[in-house]
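Here is the structure we will look at, set down as structure tokens.
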Amino acid sequence: PQYRGPPPQRQQQQYQPPQPTYNSYTTTTPRPNIYHPPASVHYVNIGQKLAGDYKFGYDTGKGPAGQSFREEVRLDDGTVKGAYGYLDSNGKMKIVRYTAGKNGYVVEGDEASESAAKAQGGQ
């Protein structure tokens with residue numbers, strides 16, 4: 001056999017990530033111009049001892065943009081309890097009640113029961 005010398009050196013190629021391509025224009029979908037007036041009823045009450053307890057709420061009242069409300073209270077032990085509601089697309093009021101405290105965040109009400117029923121295979 002005839003000696004041909006060392007094998008040719010292969011040049012290692014470094015990975016080059018693809019370069020991003022940028023369009024010279026951006027398309028956006030215009031947002032509908034819907035006016036949501038401020039809530040007609042709202043309140044805030046901070047505890048007199050300033051120990052972190054509070055209570056607040058609002059209700060937008062019925063109007064062309066629907067209705068929603070929220071109410072929340074923080075107790076002396078740090079537990080937060082509240083509820084919120086809104087009109088769904090069928091005009092039905094959905095109400096969700098919640099508690100956040102030493103047992104975590106617990107939801108009950110329309111949305112919680114519907115979610116649980118769907119998770120169990122019901123409709």
Nearest heavy atoms of [X] and [Y], plus distance in Å:
X     : Y     : value
Thr60 : Gln67 : OG1-CA, 3.4 Å
Arg97 : Ala83 : CG-CB, 3.9 Å
Ser68 : Tyr58 : OG-CE1, 3.8 Å

Is there a side-chain contact between [X] and [Y] (heavy atoms, below 4.5 Å)?
X      : Y     : answer
Lys94  : Tyr84 : no
Thr99  : Thr79 : yes
Phe69  : Ile95 : yes
Lys55  : Val44 : no
Val107 : Val96 : yes
Tyr54  : Leu75 : no

With Arg74 via salt bridge (charged side-chain N to carboxylate O under 4.0 Å, His left out) - residues at least two apart: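 Arg74 satisfies salt bridge (charged side-chain N to carboxylate O under 4.0 Å, His left out) with no residue once adjacent residues are dropped.
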Please identify each residue that fulfils salt bridge (charged side-chain N to carboxylate O under 4.0 Å, His left out) with Glu71, with sequence neighbours left out. none
Are Val80 and Val106 co-members of a hydrophobic cluster defined by side-chain heavy atoms under 4.5 Å apart?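 Hydrophobic grouping puts Val106 apart from Val80.
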Under a 3.5 Å distance rule, please check whether Asn90 uses its side chain to pair with a backbone N or O of Lys92 as donor and acceptor.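 A pair under 3.5 Å: no.
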Give the ring-plane orientation class for Tyr105 versus Tyr98, where under 30° counts as parallel, over 60° as perpendicular and anything between as tilted. parallel
